[in-house]
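When a residue number appears, it is its place in the shown sequence, counting from 1. The shown structure was predicted, so the numbers you read here are calculated from the model rather than taken from an experiment.
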Amino acid sequence: MAEMKPIVFRGDSREALRSFPESARRRAGHQLEMVQLGRDPDNWKTMNTIGAGVREIRVREERGIFRVLYVTKFVDAVYVLHCFQKKTQQTSSGDVEIATRRYKELQRERMQ
């Protein structure tokens, strides 16, 4: 069995994930577990506008559309940058800004 990478939540992303409705939280958690094992989630897309290697887990359920933005390009962990409920067709600029800021902070920390 593949070794599981730990998950490191950036900012308030853990609390945001915990605020999802239970079914969305469970589905997102299962998808993150697949990522920890080095596999692709069932429904994802790249988010290179935020940074190289950033991906988005996409969860749709009866209470809405939910997203988990993460990056796996670092060998030590899966970094969850941002979790949110999507309100419009396009990801809001506020959500993109939060994830971009956390990605840049992560890169700076890793260079020190």
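- With sequence neighbours left out, the side-chain hydrogen bond (donor to acceptor under 3.5 Å, both in side chains) criterion links Lys73 to Tyr103.
- For the pair Cys83 and Ser13, the tightest heavy-atom approach, listed with the atom from each and the gap, is SG-O, 3.5 Å.
- Thr100 is linked by a side chain to side chain contact (heavy atoms under 4.5 Å, CB included) to Ile50, Val96, Lys104, counting only residues two or more places apart in sequence or in another chain.
- Qualifying side-chain hydrogen bond (donor to acceptor under 3.5 Å, both in side chains) partners for Asp76, counting only residues two or more places apart in sequence or in other chains: Tyr79, Arg110.
- Applying the salt bridge (Lys or Arg N to Asp or Glu O under 4.0 Å) definition to pairs two or more places apart or across chains, none involves residues 45-54.
- Residues Ile7, Phe9, Leu17, Leu32, Val35, Ile57, Val59, Phe66, Val68, Tyr70, Val78, Val80 make up the rest of the hydrophobic cluster containing Phe20, defined by ILVMFWY side-chain heavy atoms closer than 4.5 Å, directly or through other members.
- Applying the side chain to side chain donor-acceptor pair (under 3.5 Å) rule to pairs touching residues 22-35 yields Glu22-Arg26, Ser23-Glu61, Gln31-Asp42, sequence neighbours excluded.
- A distance of 7.5 Å separates OG in Ser92 from CD1 in Ile98, rounded to the nearest 0.5 Å.
- Here salt bridge (Lys or Arg N to Asp or Glu O under 4.0 Å) pairs that include residues 77-95, with residues two or more places apart or in two chains, number zero.
- With sequence neighbours excluded, no residue forms a side-chain hydrogen bond (donor to acceptor under 3.5 Å, both in side chains) with Glu15.
- When all heavy atoms are compared, the tightest approach of Val71 to Ala52 is CG2-O, 4.2 Å.
- In this structure Arg55 satisfies the side-chain hydrogen bond (donor to acceptor under 3.5 Å, both in side chains) test together with Asp40, sequence neighbours excluded.
- Arg63 and Pro21 make their closest contact through NH1-CB, 3.5 Å (heavy atoms, listed as atom of the first residue, atom of the second, distance).
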Check: Stepwise, does the side-chain contact (heavy atoms from CB on, under 4.5 Å) test hold for Leu81 with Val54?
Finding: CA-CA 9 Å; Leu81 302 173; Val54 177; 4.0 Å; yes

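- Residue Trp44 belongs to no hydrophobic cluster, having no ILVMFWY side-chain heavy atom closer than 4.5 Å to its own.
- Cluster note: Ile65 groups with no other residue, as no ILVMFWY side-chain heavy atom lies under 4.5 Å from it.
- At distances below 3.5 Å, not a single donor-acceptor pair connects side-chain atoms of Thr46 with backbone N or O atoms of Asn48.
- Taken from CZ in Arg67 to CD in Gln85, the straight-line distance is 10.5 Å, to the nearest 0.5 Å.
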Next item on the list: Could you walk me through whether Glu97 and Arg102 pass salt bridge (charged side-chain N to carboxylate O under 4.0 Å, His left out), step by step?
Entry: CA-CA 9 Å; Glu97 286 169 19; Arg102 290 177 182 167; over 6 Å; no

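- Considering every non-hydrogen atom in both Met47 and Thr91, the closest pair reads CE-OG1, 4.3 Å.
- Taking the side chain as every heavy atom from C-beta outward, Arg58 and Glu56 approach each other to under 4.5 Å.
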